[in-house]
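Values below: all heavy atoms of this structure, side chains included; hydrogens, waters and symmetry mates excluded. When a ligand or atom number is given, it counts from 1 through the structure's own listing order.
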Amino acid sequence: MGREKLLREDDYLAARADEYLWSESNKLGLSRRSFLKLLAAAGSLAPLAGGAMRPASARAATPQPVLKPTPPDLFNDFGSNKEMRWEAMYGRGYLVPNELFFVRNHTRTPTLEVNNWRLKIEGSGVNRTLELTYDDLLAMPAVSFVRYVECAGNGRSFFETGHGKKAQGTQWKLGAIGVAEWTGVPLREILERAGVKKTARDVMPEGLDDLKVRRPMSLDKAMEEDTLVVYAMNGQPLPADHGFPARVLAPGWIGVANIKWVGRIQVSEEPLFTQWNTDTYVLIGPDYKPSAPAKGPILSLQSMKSALELPWDGEITAGRRLLRGRAWSPQGKIDRVEYSLDQGKSWQRARLREPNISKAWVRWDADWDARSGKHLIRVRAADERGNAQPERVAFNEQGYLNNALVDHPITVK
Ligand SMILES: Nc1nc2c(c(=O)[nH]1)N[C@H]1C(S)=C(S)[C@@H](COP(=O)(O)O)O[C@H]1N2
Ligand SMILES: [Mo]
């Protein structure tokens, strides 16, 4: 094949589509001709020539719970939940790229048509019902904040290690968290447009997914400057799996308060209850008392944690290396990170790297002369408000908010 210069967009796309056909047909063991026939039969030649290079064979017959690719080197697979592998963050920057951001779906990612999408604000707590289109939302003043979203169940699997009792739910290690730059409109602005009343108490965003996941927050939380209706993530339109066309961002609060695919926000003068604040996302266990109609204390804030950018129970080669990780708190900047190589007998201070953003995280590192053998690395963080990670956390049946210290196993060869 001659090598022409690909300077024009059209030529470039045509040539790439061509190369792509070749490689796909080779992979399938087909001749180029029969592969073309196959594509034509599937009616997929037109989008292919337009640059949307997706083979007919890649189209799944059954809908997947998560739409983006989640390769095993980046994610632990729990069906509709995909956990970020911490070692994939080693050698990256501050933000988690959209491709690597964890996904937590109660059911599955819906595919929504932006032209039909509306956001409705209604209820006894507003003077008028407001309906916004996507364009209306984009026409409002935008703000951006770097914040984390973390699942209330992050760290859940360590209840089994620490208490010998398995909590119900996805057995996350520490990868159900991500930090992104979120762009959108302050929820406060939207509520004010709807004439939010002084007597309003609860604000409940509702998703357009199968279960219509919804979860109230206090009016105070809804009115914070960084509580947003978000339509962009790390400079990209919000990906389908993360809530396209719009989601709520409720910084520092449990993951489920960050409602994806938001279609309605109910504002009420009465406290609001749903299964997501009476039965789930409440603490149930011997150390917790029910408070009707909730079966236990209702969760709001996440808990402070820290993690290492190392494979879990994996292998690394011996030598001088930078031990690296991140630490985060829902209540302020991280003030201190320490690590122990002897199960907490002695602690060394880690260096903190800029930026250090409240309700996001700080990157930390330390020099480590990794000698061969099996190691357990324990990390603990403290924030500027004087909160420190506890040694132990009381068990709760659904395994929420486990921020007890973790011994990270690693083998040095
Ligand atoms: N509509 C809707 N919103 C939702 C969920 C859901 O299943 N449906 N999952 C919640 C939970 S439990 C978490 S931890 C976060 C995860 O956000 P992510 O998938 O963008 O990482 O979304 C929350 N928002
Ligand atoms: Mo979650």
Close-contact set for ligand 1 against [X] heavy atoms, below 4.0 Å:
{"X": "Y281", "value": "12 (S)"}
{"X": "G207", "value": "1 (N)"}
{"X": "F101", "value": "21 (O)"}
{"X": "N105", "value": "7 (O)"}

Kindly say whether the aromatic ring centers of W172 and Y400 come within a distance under 6.0 Å. no
Mutual orientation of the aromatic rings belonging to W86 and W328 [parallel < 30°, tilted 30-60°, perpendicular > 60°]: parallel
Of all the non-hydrogen atoms in the protein, which one sits nearest to [atom], and at what distance?
{"atom": "atom 9 (N) of ligand 1", "result": "R104 O, 3.2 Å"}
{"atom": "atom 21 (O) of ligand 1", "result": "F102 O, 2.6 Å"}
{"atom": "atom 8 (N) of ligand 1", "result": "D209 OD2, 2.6 Å"}
{"atom": "atom 10 (C) of ligand 1", "result": "V256 CA, 3.7 Å"}

So is T107 polar-close to ligand 1, meaning N/O to N/O under 3.5 Å? no
Short N/O distance, under 3.5 Å, between E150 and ligand 1? no
Can you sort out the partners of R201 under side chain to side chain contact (heavy atoms under 4.5 Å, CB included), two or more places apart, ordered by chain and number? P271
Side chain, backbone, both or neither: R247 near ligand 1, heavy atoms under 4.0 Å: side chain
Check N258 against ligand 1 and report side chain, backbone, both or neither, counting heavy atoms closer than 4.0 Å. backbone
Taking 4.0 angstrom as the limit, do D367 and R320 come out as a salt bridge? no
Could D209 and R108 be called an ion pair, given the rule that one side-chain N must be under 4.0 Å from one carboxylate O? no
Run the salt bridge (Lys or Arg N to Asp or Glu O under 4.0 Å) check on K333 and D335 step by step: do they pass? CA-CA 6 Å; K333 292 182 183 188; D335 180 55; over 6 Å; no
Got K120 and L130 here, is their nearest side-chain heavy-atom distance under 4.5 Å? no
Is the shortest heavy-atom distance from the side chain of R380 to the side chain of Y339 under 4.5 Å? no
Nearest heavy atom to atom 4 (C) of ligand 1 wins, so pick from M84, K260, Q302. K260
